[in-house]
Amino acid sequence: MATKTIFQKIIDGEIPCHKIYEDERVFAFLDIQPLSRGHTLVVPKEPARTLDELSDDASAAIGRVLPRLCRAVLTATGAKEYNVLQNNGPGAHQAVFHVHFHIIPKPNHKEGLGVGWPAGSLSQEQGSEMAEAIKKSLR
């Protein structure tokens with residue numbers, strides 16, 4: 001990443017934030033444009049634009065701390081439900097091109113993330129073909 005993103009500037013202390021958590025690989029802070037009270041961003045310190053570009057070690061570090069951060073946000077806000085959102089690429093609504101996860105408390109039906117889910121269908125044949133293509137790509 002040639003130019004520092006706003007998240008990298010926050011991690012580097014160049015832009016202030018309301019920090020919630022930091023370790024050697026992960027940084028978490030409050031979103032300044034929250035969808036609900038307690039909306040938190042969790043970012044790897046490793047610069048990567050999308051999740052598929054992130055190293056296994058950085059991904060594992062996020063995975064280890066994300067559940068604990070979710071519990072803390074729920075406790076602090078009193079919310080019982082929440083979304084964890086992670087977007088990759090502009091077509092998928094990514095606005096800052098540094099991997100990040102949103103923890104968005106859902107205290108009621110009006111606050112938090114609103115999601116449309118235009119579900120399709122999957123035939124047995126389509127499922128078999130896609131599963132094989134994905135498995136082959138894992139090798």
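For the single chain, residues carry numbers from 1 onward in sequence order.
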Check: Is a side-chain N or O of Lys45 found less than 3.5 angstrom from the main chain of Ala58, in a donor-acceptor match?
Finding: no
Item checked: Short side-chain to backbone donor-acceptor contact, Thr77 and Gly38, under 3.5 Å ->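 No, because the side chain of Thr77 does not come within donor-acceptor range (under 3.5 Å) of the backbone of Gly38.
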Indicate the atoms forming the closest heavy-atom contact of [X] with [Y], along with that distance.
X	Y	value
Leu54	Ala48	CD1-CB, 3.8 Å
Pro34	His39	CA-ND1, 3.5 Å
Pro105	Tyr82	CA-CB, 3.9 Å
Leu85	Asn87	CD1-OD1, 3.4 Å

Notebook entry, point to check: Is Asp52 atom CG crowded by more than 12 heavy atoms from other residues, nucleotides or ligands, each under 6.0 Å away?
Noted result: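 Buried by this count: over 12 neighbours within 6.0 Å.
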Note to self: Quick check on Leu122: does its CG atom have over 12 non-hydrogen neighbours (other residues, nucleotides or ligands) under 6.0 Å away?
What the structure shows: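 Check passes, neighbour count above 12.
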[X] [atom1] to [Y] [atom2] distance, which is reported to the nearest 0.5 Å:
X	Y	atom1	atom2	value
His98	Glu46	NE2	CD	8.5 Å
Glu129	Ile134	CD	CD1	12.0 Å
Ser55	Arg25	OG	CZ	6.0 Å

Just wondering, do [Y] and [X] contact through their side chains at under 4.5 Å, heavy atoms?
X	Y	result
Lys106	Leu113	no
Thr40	Phe101	no
Gln86	Leu51	yes
Ile11	Phe27	yes
Glu81	Pro107	no
His102	Asn83	no
Val99	Val43	no
Pro44	Val26	no

Do [X] and [Y] sit in one hydrophobic cluster, given that two such residues count as connected whenever their side-chain heavy atoms are within less than 4.5 Å of each other, even indirectly?
X	Y	value
Ile104	Trp117	yes
Ile103	Ile20	yes
Val73	Leu35	no

Item checked: Evaluation steps, side-chain contact (heavy atoms from CB on, under 4.5 Å), between Leu30 and Cys17 -> CA-CA 7 Å; Leu30 291 178; Cys17 71; over 6 Å; no
Margin query: Could you check, using the six-membered ring where one of them is a Trp, whether Phe7 and Phe97 have ring centers closer than 6.0 angstrom?
Written below: no
Item checked: Lys/Arg-Asp/Glu bridge criterion (N-O < 4.0 Å) met for Lys4, Glu14 ->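 Looking at Lys4 and Glu14, the cut-off is met.
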Check: Among Val42, Asp31, Thr5, Leu41, which residue meets the side chain to side chain contact (heavy atoms under 4.5 Å, CB included) test with His100?
Finding: Leu41
Atom pairs and distances, side-chain donor-acceptor, residues 60-72, under 3.5 Å, sequence neighbours left out:
none

Checklist line | side chain to side chain donor-acceptor pair (under 3.5 Å) evaluation trace for Thr50 with Gln94 | finding: CA-CA 9 Å; Thr50 55; Gln94 184 179 12; over 6 Å; no
